[in-house]
Amino acid sequence: MASTWLIGPGPAAADVTLYLTNADLAPAIAEIMVYTGEGPVFDDTGGVFTLKPGQSRTIKVLDLAPSALVLAIQVRTSSGRVTAAARALMNDGRGVDWLPVSAAPATRVVVPGIPGGGGKRELLVASAEEVDTLVEVKALTPRGGVRA
């Protein structure tokens, strides 16, 4: 079973659209799990979507998790192959970005670099657990390690 993880701002902070594509010649089944600060979110579909051969589908994340500020999306493919991507439209359409594919949940993650330049930088962290999670962040600067 293949799995793709995406982490980014939620619908309360941005207009997020999930794009699913089945490029194969056979049907594919994808299960979408959405995680917010309050835990997993379940919608009326049960998060299961069937894509016909060659079909693409867009899903408004607002329909899955209407009040989330930050979210993690897991797209699991139980049959066939599905590619997943998510686009966030921010600041009333003045900013747009594709959410990066994230590593699967782990107890230790290394972020290899933060782009330079002006503007705000945010580290978004999500937990697939339904209990509070403690996160420790350490940053390596030109002057050495710093605990944040």
Side-chain angles (χ1 to χ4, degrees), residues 1-139 148:
M1 180 178 309
S3 185
T4 301
W5 285 86
L6 304 153
I7 297 178
D15 179 19
V16 183
T17 304
L18 181 63
Y19 295 83
L20 302 176
T21 300
N22 174 9
D24 274 349
L25 300 175
I29 299 173
E31 179 183 358
I32 300 170
M33 290 294 300
V34 177
Y35 301 92
T36 69
E38 292 77 39
V41 177
F42 302 98
D43 71 336
D44 296 338
T45 67
V48 178
F49 297 88
T50 301
L51 286 90
K52 297 176 184 174
Q55 181 183 11
S56 291
R57 181 171 186 169
T58 59
I59 300 164
K60 289 289 199 182
V61 176
L62 179 67
D63 296 336
L64 302 175
S67 63
L69 284 172
V70 176
L71 56 81
I73 302 170
Q74 179 189 22
V75 179
R76 288 190 305 209
T77 306
S78 59
S79 174
R81 291 190 306 161
V82 173
T83 59
R87 188 179 73 157
L89 189 61
M90 298 163 280
N91 300 324
D92 297 322
R94 292 178 295 196
V96 66
D97 204 356
W98 290 95
L99 301 185
V101 173
S102 176
T107 58
R108 184 181 177 111
V109 177
V110 175
V111 179
I114 300 171
K120 182 169 93 174
R121 305 291 185 265
E122 292 181 319
L123 175 64
L124 303 178
V125 179
S127 171
E129 299 294 324
E130 291 190 47
V131 296
D132 289 344
T133 302
L134 179 63
V135 177
E136 181 181 13
V137 177
K138 294 180 183 178

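None of these values were measured; they are calculated from a predicted model. All residue numbers in this chain count up from 1 along the given sequence.
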**CZ on R81 to CG on L51, rounded to 0.5 Å** = 13.5 Å
**Request:** Quick one: sort the Y19 and W98 rings into parallel, tilted or perpendicular, breaks at 30° and 60°.
**Result:** tilted
**Message:** If the test is side chain to side chain contact (heavy atoms under 4.5 Å, CB included), which one of V41, T36, V34, I73 qualifies with L64?
**Reply:** V34
**Complete:** Output for pair (M90 CE, D15 CG), nearest 0.5 Å, gives 10.5 Å
**Item:** Spatial distance of atom CG (L20) from atom OG1 (T50) [nearest 0.5 Å]
**Value:** 11.0 Å
**Message:** Assess the residue pair E31 and S78 against the criterion (side-chain contact (heavy atoms from CB on, under 4.5 Å)); give the C-alpha distance rounded to whole Å, side-chain angles, the decisive distance to 0.1 Å, and a yes or no.
**Reply:** CA-CA 7 Å; E31 179 183 358; S78 59; 6.0 Å; no
**Least distance between heavy atoms, A106 atom then V109 atom** = CB-CG2, 4.2 Å
**Complete:** So CD of Q55 and OG1 of T21: to nearest 0.5 Å the spacing works out to 9.0 Å
**Asked** Do N22 side-chain atoms and K52 backbone N/O form a donor-acceptor pair below 3.5 Å?
**Response** yes
**Asked** Any idea which heavy atoms bring A104 and W5 closest together, and the distance?
**Response** CA-CD1, 3.7 Å
**Complete:** Between G80 and A28, the two heavy atoms sitting closest are CA-CB, 4.0 Å
**Asked** Between atom CG of L6 and atom CZ of R87, what is the distance when rounded to the nearest 0.5 Å?
**Response** 14.0 Å
**Minimum heavy-atom distance P53-A26, with the two atoms named** = CG-C, 3.7 Å
**Prompt:** Any side-chain heavy-atom pair from V48 and I29 closer than 4.5 angstrom?
**Reply:** yes
**Request:** Search all heavy atoms of V16 against all heavy atoms of P9 and return the closest pair with its distance.
**Result:** CG2-O, 3.3 Å
**Item:** L99 CG to L71 CG distance, which is reported to the nearest 0.5 Å
**Value:** 7.5 Å
